Amino acid sequence: MRPEYDASDNPLYFEYMTGYLDVDVVRDSRFNNESKTYTQFLRTGFPPPFDISIAGIRERAEALHRKINEKLIDKFKGKEQEKNVRINKDLEIPITIYTPTDVEKDKMVIFFHGGGWTVNSRKTHQTIVNMLADATKTIWISVEYRLSPEYKFPIWLDDACEVTRQILANKKDYGNNQ
């Protein structure tokens, strides 16, 4: 049995998520200009949260992504469709299907957002999925999955595998013509 990983055990993770990262990135040569700009944005334009609960950190992540991507939100030229994938008799997993205007319906990408299985969501990664769907002219399916700490390992992995199985078994229901 694998040991469970709790991201909160990592002090840099906590400092990053709360905005209290005490590193002088301006003078630290390990950081590139993009890292420096992002960190300065977090420090000045996006103050540390008062609520450092998991719900508070999730809300902060969504607000942060909304702010960073505000010029890109609602720029997707294709069709966006919300759907649920039934993975067992009691559970449906929400997905978003992004179908570009000039789509090649013989390909699709199943995308799982980042966030260490704990934070982030389809919303936090929406703009990158929009851009990739447009750029590749491919159907992209962004999958939500159950998050930790509410759900323990390996539930999110099980969700990902079962959603993938269901989509591949029923490709035509998700826009693929093969």
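Just so you know, residue 1 is the first one in the sequence shown, and it goes up from there. All values below come from the heavy atoms of this structure, side chains included, with hydrogens, waters and symmetry mates left out. Since we're looking at a predicted model, the values are computed, not measured.
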For [X], check side-chain contact (heavy atoms from CB on, under 4.5 Å) against everything at least two apart and list the hits.
{"X": "Ile128", "value": "His125, Leu132"}
{"X": "Pro149", "value": "Ile54, Arg58, Thr118, Lys152"}
{"X": "Lys89", "value": "none"}
{"X": "Asn177", "value": "Lys105, Asp106"}

Nearest-0.5 Å distance that lies between atom [atom1] in [X] and atom [atom2] in [Y]:
{"X": "Ile167", "Y": "Ile110", "atom1": "CD1", "atom2": "CD1", "value": "4.0 Å"}
{"X": "Arg165", "Y": "Ile87", "atom1": "CZ", "atom2": "CD1", "value": "10.0 Å"}
{"X": "Ser53", "Y": "Glu59", "atom1": "OG", "atom2": "CD", "value": "7.0 Å"}
{"X": "Glu162", "Y": "Asp158", "atom1": "CD", "atom2": "CG", "value": "9.0 Å"}
{"X": "Lys79", "Y": "Thr99", "atom1": "NZ", "atom2": "OG1", "value": "6.0 Å"}
{"X": "Thr124", "Y": "His65", "atom1": "OG1", "atom2": "NE2", "value": "4.5 Å"}

Using atom types as modelled and distance alone, determine if a side-chain donor or acceptor of [X] lies under 3.5 Å from a backbone N or O of [Y].
{"X": "Asn170", "Y": "Gln166", "result": "yes"}
{"X": "Thr138", "Y": "Thr136", "result": "yes"}
{"X": "Asn88", "Y": "Leu91", "result": "yes"}

Same cluster or not: are [X] and [Y] linked, directly or through other Ile, Leu, Val, Met, Phe, Trp or Tyr residues, by side-chain heavy atoms under 4.5 angstrom apart?
{"X": "Ile95", "Y": "Leu147", "result": "yes"}
{"X": "Phe153", "Y": "Ile93", "result": "yes"}
{"X": "Val129", "Y": "Ile141", "result": "no"}
{"X": "Met108", "Y": "Trp140", "result": "no"}

Distance-minimising heavy-atom pair for [X] and [Y]:
{"X": "Tyr151", "Y": "Trp156", "answer": "O-CZ3, 3.0 Å"}
{"X": "Asp134", "Y": "Pro100", "answer": "OD1-CB, 3.9 Å"}
{"X": "Asn120", "Y": "Gly115", "answer": "ND2-CA, 3.5 Å"}
{"X": "Phe112", "Y": "Thr164", "answer": "CZ-OG1, 3.5 Å"}
{"X": "Ala133", "Y": "Phe76", "answer": "CB-CE1, 4.0 Å"}
{"X": "Tyr98", "Y": "Ser142", "answer": "CE1-CB, 3.8 Å"}

Non-neighbouring partners of Tyr174 that pass ring-ring contact (aromatic ring centres under 6.0 Å, His included), sequence neighbours left out = none
ask   = Below 4.5 Å, heavy atoms only, C-beta onward: do Ile97 and Ile139 meet side chain to side chain?
value = yes
inquiry  = By the salt bridge (Lys or Arg N to Asp or Glu O under 4.0 Å) test, which pairs, at least two apart or in different chains, include something from residues 92-104?
reply    = Arg86-Glu92, Glu104-Lys107
All salt bridge (Lys or Arg N to Asp or Glu O under 4.0 Å) counterparts of [X], not counting sequence neighbours:
{"X": "Glu80", "value": "none"}
{"X": "Arg66", "value": "none"}
{"X": "Asp159", "value": "Arg146"}
{"X": "Lys83", "value": "none"}

Any residue meeting side chain to side chain donor-acceptor pair (under 3.5 Å) with Tyr145, in chain and number order, not counting sequence neighbours = His113
message = Suppose we screen for side chain to side chain donor-acceptor pair (under 3.5 Å). Which residues come up paired with Thr96, at least two apart in sequence or across chains?
response = Glu82, Arg122
query = Will you find, in the side chains of Glu62 and Ser121, an N or O donor that is under 3.5 Å from an N or O acceptor?
reply = yes
